[in-house]
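In what follows, chains are A, B, ... by sequence order, proteins preceding strands, each numbered from 1. This structure is a prediction, so every number in the text was calculated from the model and none was measured. These values consider heavy atoms only, across backbone and side chains, with no hydrogens, waters or symmetry-generated copies.
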2 protein chains.
Amino acid sequence: MNLTRVLKALGDGTRLSIVNLLRVENLCVCEIEAILQSSQSNVSRHLAKLRDAGIIYSEKRSQWVYYGINTDILTEHSFIKTLLDEDLVKHPQYQQDVEKLRMYREQNYECGPIENTGA
Amino acid sequence: MNLTRVLKALGDGTRLSIVNLLRVENLCVCEIEAILQSSQSNVSRHLAKLRDAGIIYSEKRSQWVYYGINTDILTEHSFIKTLLDEDLVKHPQYQQDVEKLRMYREQNYECGPIENTGA
DNA sequence: TGACTATATTCATTTTTAATCATATGATAT
DNA sequence: ATATCATATGATTAAAAATGAATATAGTCA
């Protein structure tokens, strides 16, 4: 069933990190790769799984593929909205991911590894 | 992390059926077994997984073990409440399970298989 | 006590999922 | 055209999860 597929897709730490980041802004694969410090193929596969479950969508822009949260699913499965807005935000792990994204943006990187500025 | 364990536990059709039934009333293993028409060991294991994730609790009453939804988790992870109240109830599959529970109660069975009354 | 019932657990097996490496595709820039 | 970059995918391996059958444990009842 669709619902179990959605739940299965959300039942993984890396994928929760991804949707949490996408809550902030749309990102391309290499950016997610850099922020989560995971391999390209691994991130790509996790993204594919989330997309297959209908949780995110992808959009090609020149050589990059940007991913974003599929807002339709938030109305179809309202628990996801609750999960993102009330649950995920509480967890240090996911707050940290957002902080890494902020650092990444601050340093104006484009698809490179995050430098530890010793914050 | 705890959150992924909860989501993993919910990412299975049988286990969603179980929590959906327990939303209606507390049940023992053999009742769930009869209603979902699944094997004893299988149901027992699914229940264990849900309990390990903190979603349900168990309570021994003489030779039976009754399971119920752990209300604490509904405040800790508010998305579960949304999932149960707004999401699960919409799906025919889970409505059907509740109907089977009703039939089971109507026939006043105790831990036996459901008879198809041709409803 | 012995037979029986409800549940949990162990073992063996199968299925599913995750991760990694290597390669393919398609776009861009020179 | 060639080199390069971003992404996806195939193949493989490793790890985790699901299932069935059999067994163990504990409670009940006669």
List every contact pair, protein side and nucleotides 25-30 of chain C side both N or O, where the distance is under 3.5 Å.
none

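- Applying the side chain to side chain donor-acceptor pair (under 3.5 Å) test to A/Glu25 and every residue at least two apart in sequence or in another chain returns A/Arg105.
- Here A/Glu86 pairs with nothing under the salt bridge (charged side-chain N to carboxylate O under 4.0 Å, His left out) rule; sequence neighbours left out.
- B/Val89 and A/Phe79 fall into different hydrophobic clusters, where Ile, Leu, Val, Met, Phe, Trp and Tyr are joined by side-chain heavy atoms under 4.5 Å apart, directly or via other members.
- Regarding A/Ile56, its CD1 atom lies at a distance of 14 Å from the C1' atom of D/dT7, rounded to whole Å.
- Between A/Ile69 and A/Ile80 the shortest side-chain heavy-atom distance does not fall below 4.5 Å.
- If you take CG of A/Asp52 and P of C/dA18, they are 12 Å apart, rounded to a whole angstrom.
- Annotation: salt bridge (charged side-chain N to carboxylate O under 4.0 Å, His left out) contacts of B/Glu76 (sequence neighbours excluded): none.
- Between the CG atom of B/Leu50 and the P atom of C/dA8 there is a distance of 12 Å, given to the nearest Å.
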Let me have the donor-acceptor pairs involving side chains of residues 44-58 of chain B, under 3.5 Å, with sequence neighbours excluded, atom names and distances please.
| unit_1 | atom_1 | unit_2 | atom_2 | d |
| --- | --- | --- | --- | --- |
| B/Arg45 | NH2 | B/Ser41 | OG | 3.3 |
| B/His46 | ND1 | B/Arg15 | NH1 | 3.0 |
| B/Arg51 | NE | B/Ser58 | OG | 3.4 |
| B/Tyr57 | OH | B/Asn26 | ND2 | 2.9 |

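- Atom CD in B/Glu33 sits about 14 Å away from atom C1' in D/dA21, given to the nearest Å.
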Might you list the N or O atoms of the protein lying below 3.5 Å from N or O atoms in nucleotides 17-20 of chain D, with each pair's distance?
| unit_1 | atom_1 | unit_2 | atom_2 | d |
| --- | --- | --- | --- | --- |
| D/dA18 | OP1 | B/Arg15 | NH1 | 3.3 |
| D/dA18 | OP1 | B/Arg15 | NH2 | 3.0 |
| D/dA18 | OP2 | B/Lys49 | NZ | 2.8 |
| D/dT19 | OP2 | B/Asn42 | OD1 | 3.2 |
| D/dT19 | OP2 | B/His46 | NE2 | 2.9 |
| D/dG20 | N7 | B/Arg45 | NH2 | 2.7 |
| D/dG20 | O6 | B/Arg45 | NH1 | 2.3 |
| D/dG20 | O6 | B/Arg45 | NH2 | 3.1 |

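- Residue A/Leu47 contributes atom CG, which lies 15 Å from atom C1' of C/dA18 at whole-angstrom precision.
- Looking only at distances, no side-chain donor or acceptor of A/Ser78 sits under 3.5 Å from a matching main-chain atom of A/Thr75.
- The side-chain heavy atoms of B/Gln95 and B/Glu99, taken from C-beta on, include no pair separated by under 4.5 Å.
- If you check every strand for non-hydrogen atoms under 4.0 Å, B/Tyr67 touches sugar and phosphate atoms only.
- D/dT23 atom C1' lies 12 Å from atom CD of B/Gln40, rounded to whole Å.
- Between B/Asp97 atom CG and B/Thr14 atom OG1 the span is 9.5 Å, to the nearest 0.5 Å.
- As a whole-Å value, the separation of A/Ile18 CD1 from C/dA18 P is 11 Å.
- For the pair A/Arg61 CZ and D/dC5 P, the interatomic distance rounds to 21 Å; values are reported in whole Å.
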